[in-house]
**Q** 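Mind having a look at this structure? Questions to follow.
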There are 2 protein chains.
Amino acid sequence: MELSERRKKILSIVVEEYIETAEPVGSKTVLQRGCLSCSSATVRNDLAALEQEGYLEQPHTSAGRIPTAKGYRFYVNELMKEQKLTAEETEQINATLSSKIEELDKLMSDVGNLASELTHYPALAVTSGTPATIKRFDLIYIDQNTFIIVLLLSNNAVKNKLIHLPFSFEEDMIRRLSAVFNASFTGIKDDEITTNLIVSTERSVGDVMGLTSVIAGFAIDVLSSTKVSEGVISGSENLLKLPEFQDPTKAHKLMSYLSTSADFNNLPNLSPSGDVKVLIGPENVAEELKDSSVILASYDAGDNMKGIIGVVGPTRMDYSNVAAKLSYIAEGLSQLLGGSSRPPTGFGKLMIKGDDS
Amino acid sequence: MELSERRKKILSIVVEEYIETAEPVGSKTVLQRGCLSCSSATVRNDLAALEQEGYLEQPHTSAGRIPTAKGYRFYVNELMKEQKLTAEETEQINATLSSKIEELDKLMSDVGNLASELTHYPALAVTSGTPATIKRFDLIYIDQNTFIIVLLLSNNAVKNKLIHLPFSFEEDMIRRLSAVFNASFTGIKDDEITTNLIVSTERSVGDVMGLTSVIAGFAIDVLSSTKVSEGVISGSENLLKLPEFQDPTKAHKLMSYLSTSADFNNLPNLSPSGDVKVLIGPENVAEELKDSSVILASYDAGDNMKGIIGVVGPTRMDYSNVAAKLSYIAEGLSQLLGGSSRPPTGFGKLMIKGDDS
DNA sequence: AGTTAGCACTCGAACTTCCTGAGTGCTAAA
DNA sequence: TTTAGCACTCAGGAAGTTCGAGTGCTAACT
């Protein structure tokens, strides 16, 4: 059954008031907060009806109402007004983004910190790669025991490793290996680097010392590591300020879930690049999150990478505000990192790809 | 004045009992815990005396005694017995260390996690570099807009960056630049890369497109980044299980200090490589740590790098146990990473230097 | 001088009891 | 369908009470 306009309004007030105060909302409060032209008795009737329908619940008989997960969901879907960020907020986001954008290896944790600072909730930042191939293979001869492997990947990341071996080899051998690897190991995926391939490479170069397998091993490591998602959690201490986490046991449960078992490969299963997803209370799959809400926004991290930023908080979360902020950050990141439409941002900023960890 | 043997024993019992239970310790408890051949009245006299001397204090008149910072300090310096780790514990440490040692970029956070799991306290892991120089410069030409810079540093780390420019250049120019940089930019520190040096390099190669300054800029970035310390904090949620942090405000204060303002450059000012340092309560400089204790152990991370692992907890901390664990971890790390005495650990493990992030 | 038994005293923690008031649901009138 | 009126409920805080672990002190003992 469709809700009457007044009931929608009342539900909306209850949700917003409860988000703000964390206290059950009574008929009187609803009246004085919203500009309704009816009496408290009417509001009471409506509150009872909304409870009947499952949008609200009562902690105990003589208390006001608090929204249920269904109530929040309805609010988020139908009632919530899009919130505009203030000029300061957009300014702060812009500043952080542009100042941090050059240090790619720290980007993830910086983005997490930004999100958690802005929202005052624990924030997560995840980057998930798509399988890459090797675009270019280089071996740099250093001395008779040492050389460097440099890999340029299809996503334009550069990976390297210094190899130091207890036996010596010729510069020429390294040069030949470099050429052969460039010929046979480029453009293929990690599981295509088979023992057969390695053995045949070994033969064709005349490598009897196992250099080939060392190099191939590194290539496999690098390629398979492009597939996994990595993530960080920032600002979980923010939970402790919230009234719902005054009980240290609760706080501990959620925090240790976040810091240990939160697996980033699994969590954000659905998320079309660009928009925002809200998971309210029991909508979360993880048992530990059943009393919490999660808001996720995804962005295009360029180089075939997808990034997700998210925020974890109590179901009583300022959905509108948080969603606006995350969405703005994600948009900014997509613009700064996304491959196609990157605006030139001055000379130094042109060097934005790479791996300077 | 020197403490009598019995008073030492009593102090020791009070400290250990309080560490275990977090409850003020009374004369009766002391008696039944330790094998003292005297009556509770005697113990009471001694307790009063120890309080007089400043080793103990009373939360309120009708309660037992708890150790003061001075009491803990005396205990740590004089009374504490060195604790041997159990076989399982050393086993767990060894396993984690050897399984994790190949992923150098994640090592720090892994070590932090290990320490915090073992001790059940928040743990910090810091690596501080010593200023490095460039040992070898390589530029890899990719296409007319793109090349890779590869730097081999004096500490054997390899850094790289993909440079993509909006204008084109010749392969030969890149080759010449590579040679010139190898000649003039190796062996010098970051502040020796002056505008003069850049300009004269530019002239000598005939670079009119500013390639030189792009490359030099990257070199400066890399060299100056070797000087800073980086650190991570793991497992701060462990605080919430401790009785002294049941008050969420307290927990929040310490946790946000740890996650934000804890500056790793400053904290571990003194620490001769190898042994363990204990900072008790007010001995800490940071205001936020005055009620907590910190235990630090440093290790040799090889390549001229020093690492520190530490643990933060209440003054009521199991000093003996934590110190033993940290010391064991630090020792293991030094052995695995330290330059000189590295034992061969199988073929694959020989590739332990490098930067495969 | 150091140790012990005995005893009166203290005071926080925990458990009662009581009270208050915010908020309700219901009924009857508009 | 809305409203005014009213009796009812019940969590949470204030005040009072009890309980007992632990103390310090004194006086006797070794």
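Residue numbering restarts at 1 for every chain, and letters A, B, ... go by the order of the sequence lines. Because the structure is predicted, anything quoted here is derived from the model rather than measured.
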**Q** Please determine whether a side-chain nitrogen of the Lys or Arg among B:K325 and B:E89 lies less than 4.0 Å from a carboxylate oxygen of the Asp or Glu.
**A**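 Salt bridge flag = yes for B:E89 with B:K325.
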**Q** Nearest 0.5 Å, please: how far is CD in A:Q246 from CG in A:L239?
**A**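 It comes to 11.0 Å.
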**Q** Please classify the nucleic acid contact of B:S40 as base, sugar-phosphate, or nothing, using heavy-atom distances under 4.0 Å.
**A**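 Since no nucleic acid heavy atom lies under 4.0 Å of B:S40, the category is nothing.
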**Q** Would B:R33 and B:E20 pass as an ion pair if we require N to O under 4.0 Å?
**A**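 Yes, charged N to carboxylate O under 4.0 Å.
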**Q** Classify B:A41 by what it touches in the nucleic acid, base, sugar-phosphate, or nothing, heavy-atom distance under 4.0 Å.
**A**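 B:A41: base contact, heavy atoms under 4.0 Å.
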**Q** Considering only D:dG22, D:dT3, D:dC10, which nucleotide approaches the side chain of B:T29 most closely?
**A**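 It is D:dG22.
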**Q** Let me have the donor-acceptor pairs involving side chains of residues 64-80 of chain B, under 3.5 Å, with sequence neighbours excluded, atom names and distances please.
**A**
| from | atom 1 | to | atom 2 | distance (Å) |
| --- | --- | --- | --- | --- |
| B:R65 | NE | B:E51 | OE1 | 2.8 |
| B:R65 | NH2 | B:E51 | OE1 | 3.0 |
| B:T68 | OG1 | B:G54 | O | 2.6 |
| B:T68 | OG1 | B:Y55 | O | 3.1 |
| B:T68 | OG1 | B:K70 | N | 3.3 |
| B:T68 | OG1 | B:G71 | N | 3.1 |
| B:K70 | NZ | B:E53 | O | 2.8 |
| B:R73 | NE | B:E283 | OE2 | 3.0 |
| B:R73 | NH1 | B:N77 | OD1 | 3.1 |
| B:R73 | NH2 | B:V278 | O | 2.7 |
| B:R73 | NH2 | B:E283 | OE1 | 2.6 |
| B:R73 | NH2 | B:E283 | OE2 | 3.4 |
| B:Y75 | OH | B:E16 | OE2 | 2.9 |

**Q** So, does A:S39 get its side chain near the phosphate of D:dT3, meaning an N or O under 4.0 Å from OP1 or OP2?
**A**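 So the side-chain polar atoms of A:S39 do come within 4.0 Å of the phosphate oxygens OP1 or OP2 of D:dT3, strictly under.
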**Q** Identify the 5'-most and 3'-most nucleotides of DNA chain C with at least one atom closer than 4.0 Å to a non-hydrogen atom of chain B.
**A**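 Contact span on the strand: C:dT3 to C:dG12.
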**Q** Starting from C1' on D:dA21, measure out to NE2 on B:H60 and report it in whole angstrom.
**A**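 Going from B:H60 (NE2) to D:dA21 (C1'), I get 9 Å.
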**Q** Look at the side chain of B:S12 and the backbone N and O of B:K8, then say whether any donor-acceptor pair between them is shorter than 3.5 Å.
**A**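 Pair absent, no side-chain N/O of B:S12 close to backbone of B:K8.
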**Q** Taking atom C1' of D:dT1 as reference, at what distance in whole Å does atom CG of A:N45 sit?
**A**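 Going from CG in A:N45 over to C1' in D:dT1 covers 9 Å.
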**Q** When the distance from CG of B:L56 to P of D:dG22 is rounded to whole Å, what number comes out?
**A**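 Going from CG in B:L56 over to P in D:dG22 covers 15 Å.
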**Q** Can you check whether A:T42 has a side-chain N or O nearer than 4.0 Å to OP1 or OP2 of D:dT3?
**A**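 Checking A:T42 against D:dT3: at least one side-chain N or O falls below 4.0 Å of OP1 or OP2.
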**Q** Has A:T61 got a side-chain N or O lying under 4.0 Å from the OP1 or OP2 atom of D:dC10?
**A**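 Indeed, a polar side-chain atom of A:T61 lies that close.
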